[in-house]
> 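Following this message is one structure expressed as structure tokens.
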Amino acid sequence: MADDKETVVSATEELNEQMQVRRDKMAAIAALGIEPFGRHYEPTHGCGDIVKNFDILENQEVRIAGRILTIRGHGKASFANLLDISGKIQIYLRQDVLGEETYRHLDLLDIGDIVGVEGTVFRTQRGEISVKATKFQFLSKALRPLPEKWHGLKDVETRYRQRYLDLIVNPDVQKTFIIRSKIIQSLRRFLDSKGFLEVETPILHPIAGGAAARPFSTHHNALDMKLYMRIAPELYLKRLIVGGFEKVYEVGRNFRNEGISIKHNPEFTMVELYQAFADYQVVLNLTEQVIATIAQEVIGTTKISYQGQEIDLTPPWDRLTMTEAVKKYSGIDFSAIKTVEAAREVADQLHIAYEPKHGIGAIMNLVFEEMVEEHLIQPTFIIGHPTEISPLAKRNKENPEIADRFEAFIFGREIGNGFSELNDPIDQKNRFLNQVAQRESGDDEAHMMDEDYVTALEYGLPPTGGLGIGIDRVVMFLTDSYSIRDVILFPHMRHKG
RNA sequence: GACCCACUAGCUCAGUCGGUAGAGCACCUGACUUUUAAUCAGGGUGUCGUUGGUUCGAGUCCAACGUGGGUCACCA
């Protein structure tokens with residue numbers, strides 16, 4: 001079609017000078033009988049490893065490969081810096097070593113190209129550990145220029161949309177994602193060592209349950225069936241406890257169809273774990289242990305600095321009931337409030353908005369969110385949430401209006417949530433019915449009825465403690481990242497306009 | 001969803017009161033055999049996010065839209 005032709009032509013016209021020059025060089029490389037986009041190369045050493053191990057490697061022959069970051073030509077000799085995953089090293093290229101013809105190929109070399117170099121490890125007069133190249137070959141031509149070497153890439157939009165550029169030119173970014181990987185490794189090591197079994201449960205759910213959130217919905221064509229992206233793995237993991245696994249965990253992605261902020265990405269990573277015969281106290285202790293262990297293993301300390309604030313992750317963390325916390329920071333004693341009318345009056349005085357569906361417990365939770373959360377800078381467990389807002393948690397034995405539940409807060413942000421699991425199928429069914437009623441009255445974050453889950457409970461769920469920890473937020477704290485987007489490789493973005 | 005801020009060369013950024021579009025790096029041409037933000041000489045490569053409006057004249061003022069960031073709202 002004519003349209004296609006025009007597309008090709010206009011695409012060609014869009015090449016700026018630098019892109020055209022690089023394409024010309026690519027063609028010149030091909031004209032020499034060299035593939036501009038190579039196939040295979042076996043480095044013997046990492047660039048950064050050579051620098052680290054110079055004592056052993058001095059005067060040794062090495063073969064390295066990486067991306068050209070800088071080139072400094074000096075006539076019949078040139079210097080370049082080569083980057084691979086292990087770090088950077090300088091390469092020194094001399095016409096009299098490489099030969100005139102090969103040396104001329106350097107004219108076709110650009111910053112950003114990926115090349116292989118063989119040569120001898122040595123130290124220059126200025127003390128820079130370098131490789132004196134005896135051979136040099138093109139591995140992949142870069143057809144676009146890299147961002148600037150000194151200021152790097154700062155444009156936030158480009159950094160997120162083209163994360164590969166961010167990773168190439170901003171070394172701290174790579175560091176953050178290496179730490180992220182180590183955090184998850186450390187988490188798995190910890191749980192494995194405690195006898196937990198790692199499992200995988202569905203991400204496509206016929207019923208989205210386990211949390212109060214709006215799901216993404218999708219459709220299975222062959223089955224002509226509506227499906228949801230999971231908002232939490234909770235109900236499946238507890239089915240596994242019914243099935244006889246006594247300690248399970250899953251590290252995985254949850255999807256929630258909600259707003260985006262520095263603390264929220266539509267897909268985010270959580271670990272959820274369940275331990276049979278345990279209660280919320282057991283998993284509460286586990287929470288502070290696992291976070292402290294990860295911090296110690298990955299960054300070498302449990303005393304961290306986040307956004308200029310010193311935070312001590314060393315157990316034990318503070319423990320405070322929600323009622324106590326609300327009293328401490330708002331002056332309101334909800335244990336003395338016995339009617340919804342009284343609770344509403346308090347909320348009105350504090351100018352906190354509530355809805356008709358909110359009972360005493362939900363209103364206390366609103367006060368908590370509004371007046372308490374921001375003060376919980378040092379790691380703090382808030383214990384004893386209203387049962388009203390905890391439809392999957394077991395009631396407290398002494399006070400059925402509160403649940404055996406906790407949330408862990410750091411820097412005013414919730415990083416974990418755990419409870420004694422509701423294992424009474426009759427109570428669970430009634431709570432679901434309650435949620436369904438709320439749903440029908442317009443709350444699209446209320447739970448859907450999950451009959452099969454209730455059936456599973458009817459076969460017997462042992463007393464169980466369950467815990468969920470937001471991994472992204474943990475990574476944020478341990479890498480001192482301001483935004484969740486800085487700990488997610490490809491954060492969600494709109495279509496480019 | 002509301003409000004605020006940003007968008008200028010490949011990258012990082014200037015751009016005065018509305019009067020011919022600028023710098024550094026990168027790039028191009030040349031010199032240079034231990035440099036390292038190499039240096040030296042020469043060269044500006046642009047749909048000023050988009051579309052309208054005001055004006056003799058708009059990168060600059062106004063409006064709408066787009067994208068990003070932030071605050072709030074919403075929310076594990």
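A note on names: the letters A, B, ... follow the listed sequences, proteins ahead of strands, and every chain is numbered from 1.
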> One thing to verify: whether A:R319 and A:E288 come together as a salt bridge, which I'm taking to mean a side-chain N less than 4.0 angstrom from a carboxylate O.
yes

> Identify the pairs formed between an N or O of the protein and an N or O of nucleotides 31-33 of chain B at a distance under 3.5 Å, and give each distance.
residue : atom : partner : partner atom : Å
B:C32   : N3   : A:G75   : N            : 3.1
B:C32   : N4   : A:G75   : N            : 3.4
B:U33   : OP2  : A:K76   : N            : 3.1
B:U33   : O2   : A:R94   : NE           : 3.2
B:U33   : O2   : A:R94   : NH1          : 2.9
B:U33   : O2   : A:R94   : NH2          : 2.7
B:U33   : N3   : A:R94   : NH2          : 3.4
B:U33   : N3   : A:D96   : OD2          : 3.3

> Scan A:L146 against the nucleic acid and name what it touches under 4.0 Å (heavy atoms): base, sugar-phosphate only, or nothing.
nothing

> Considering only the C1' atoms, how many Å lie between B:G46 and B:C7, rounded to the nearest integer?
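To the nearest whole Å, 15 Å.
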
> Would you say A:R485 reaches B:G70's phosphate, i.e. side-chain N/O to OP1/OP2 under 4.0 Å?
yes

> Checking side-chain polar atoms at under 3.5 Å, does A:S481 have a donor or acceptor matched by the opposite partner on A:T479?
yes

> What is the distance, rounded to the nearest whole Å, between atom CD of A:E157 and atom P of B:G70?
12 Å

> Ignoring the backbone of A:T124, work out which of B:U35, B:C75, B:C13 is nearest its side chain.
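Comparing B:U35, B:C75, B:C13 against the side chain of A:T124, the answer is B:U35.
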
> For a quick check under 3.5 Å, do A:Y280 and A:K394 share a side-chain donor-acceptor pair by atom type?
no

> To the nearest 0.5 angstrom, please state how far the CZ atom of A:F419 sits from the CD atom of A:E234.
4.0 Å

> Pull out every protein N or O sitting under 3.5 Å from an N or O of nucleotides 40-47 of chain B, one pair per line with the distance.
none

> Expressed as a whole number of Å, how far does the C1' atom of B:C56 sit from that of B:G18?
12 Å

> Within the structure shown, what part of the strands sits under 4.0 Å from A:R214 by heavy-atom distance: base, sugar-phosphate, or nothing?
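The answer is sugar-phosphate, as A:R214 gets under 4.0 Å only of primed atoms, P, OP1 or OP2.
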
> With rounding to the closest Å, how many angstrom separate the P atoms on B:G19 and B:C61?
11 Å

> If you measure from the C1' atom in B:U54 to the same atom in B:A64, how many Å do you get, rounded?
15 Å

> If the P atom of B:G59 is compared with that of B:G22, how far apart are they to the nearest Å?
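Comparing P positions in B:G59 and B:G22 gives a spacing of 13 Å.
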
> Of the nucleotides B:G70, B:C25, B:G69, which one has an atom closest to the side chain of A:E148?
B:C25

> Starting the side chain at C-beta, find the nucleotide from B:G69, B:U12, B:U36 nearest to A:D155.
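Of the candidates, B:U12 comes closest.
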
> Has A:K149 got a side-chain N or O lying under 4.0 Å from the OP1 or OP2 atom of B:C27?
no

> RNA chain B: A:Q90 or A:G152, which has the more 5' nearest nucleotide?
A:G152

> A:N417 near the nucleic acid: base, sugar-phosphate alone, or nothing, with a heavy-atom cut-off under 4.0 Å?
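Base: the residue A:N417, judged by heavy atoms under 4.0 Å, touches a nucleobase.
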
> Tell me the interatomic distance from A:K88, atom NZ, to B:U36, atom C1', rounded to whole angstroms.
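Result: 10 Å.
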
> What I want to check is whether the side chains of A:D486 and A:Y160 have a donor and an acceptor closer together than 3.5 Å.
yes

> Between the side chains of A:D166 and A:R163, is the shortest nitrogen-to-carboxylate-oxygen separation below 4.0 Å, so that they form an ion pair?
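Salt bridge: yes.
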
> Which whole number of Å gives the distance between the P atom of B:C74 and that of B:U16?
41 Å

> Closer than 4.0 Å, any side-chain N/O of A:R494 to the OP1 or OP2 of B:G66?
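No, outside the criterion.
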
> Atom OG1 of A:T269 and atom CD1 of A:I469: how far apart are they, to the nearest 0.5 Å?
13.0 Å

> If I pick the P atom on B:U50 and the same atom on B:U60, what distance separates them, to the nearest angstrom?
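Roughly 10 Å separates the two P atoms.
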
> Has A:K135 got more than 12 heavy atoms of other residues, nucleotides or ligands less than 6.0 Å from its NZ?
no

> Any salt bridge between A:K263 and A:D472, counting N to O under 4.0 Å?
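No, no charged N to carboxylate O under 4.0 Å.
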
> Side chain of A:R72 only, heavy atoms from C-beta on: which candidate in B:U35, B:C28, B:U67 is closest?
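Side chain of A:R72 sits closest to B:U35.
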
> Taking only side-chain N and O atoms of A:R126, does any of them lie within less than 4.0 angstrom of OP1 or OP2 on B:U35?
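For B:U35, OP1/OP2 do have a side-chain N/O of A:R126 under 4.0 Å.
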
> Just compare B:G69, B:U34, B:C13 and give me whichever is closest to any side-chain atom of A:F122.
B:U34

> So, are A:D107 and A:K25 salt-bridged, with charged N and O less than 4.0 Å apart?
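No.
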
> Would you mind reading off the distance between A:M19 atom CE and B:C28 atom P, rounded to a whole angstrom?
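Taking atom P of B:C28 as the reference, CE of A:M19 is at 15 Å.
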
> Let me know the distance between CD1 of A:I71 and P of B:A26, rounded to the nearest Å.
10 Å

> Among B:A26, B:G68, B:C28, which nucleotide has an atom closest to any side-chain atom of A:V21?
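The answer is B:C28.
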
> Looking only at the side chain of A:Y482 (C-beta and beyond, no hydrogens), which of the listed nucleotides B:U35, B:U71, B:G10 gets closest?
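For the A:Y482 side chain, the nearest candidate turns out to be B:U71.
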
> In dot-bracket form, 5' to 3', how is RNA chain B paired? Count Watson-Crick and G-U wobble pairs only if both distances fall under 3.5 Å, and write | where the partner sits on another strand.
(((((((..((((.....[..))))((((((.......))))).)...(((((..]....))))))))))))....

> Heavy atoms from C-beta onward define the side chain here; which of B:U34, B:U12, B:U67 lies closest to that of A:H151?
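Among B:U34, B:U12, B:U67, the one nearest the side chain of A:H151 is B:U12.
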
> Can you tell me how far P of B:C72 sits from CD of A:E374, to the nearest Å?
10 Å

> So among A:Y228, A:Y236, A:F216, which one has a ring pair (Phe, Tyr, Trp, His ring centres under 6.0 Å) with A:H205?
A:Y236

> Picking from B:G70, B:C27, B:G10, which would you name as closest to the side chain of A:P145?
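For the A:P145 side chain, the nearest candidate turns out to be B:G10.
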
> Is it true that A:N285 and A:Q281 share a donor-acceptor pair across their side chains at a distance under 3.5 Å?
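No, A:N285 and A:Q281 have no side-chain donor paired with an acceptor closer than 3.5 Å.
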
> First locate atom CG of A:L240, then atom CG of A:L235, and finally report the distance between them rounded to the nearest 0.5 Å.
11.5 Å

> Within this structure, what is the CD1-to-P distance between A:I91 and B:U36, rounded to whole angstrom?
17 Å

> Would you mind reading off the distance between A:L109 atom CG and B:A26 atom P, rounded to a whole angstrom?
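A:L109 atom CG is separated from B:A26 atom P by 14 Å.
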
> I'd like to check A:D279 versus A:D404 (side-chain heavy atoms, cut-off strictly below 4.5 Å). Are they in contact?
no

> Within the structure shown, what part of the strands sits under 4.0 Å from A:G416 by heavy-atom distance: base, sugar-phosphate, or nothing?
base

> Does A:K25 reach a base, just sugar-phosphate, or nothing at all? Heavy atoms under 4.0 Å.
sugar-phosphate

> Given B:U35, B:G69, B:C28, identify the nucleotide with an atom nearest to the side chain of A:F79.
B:U35

> Round to a whole Å and report the spacing from CD1 of A:I484 to P of B:G69.
13 Å

> Taking only the C1' atom of each, what is the distance from B:U8 to B:A58 in whole angstrom?
14 Å

> Do A:F409 and A:F368 have ring centres separated by under 6.0 Å?
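Yes, the ring centres sit under 6.0 Å apart.
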
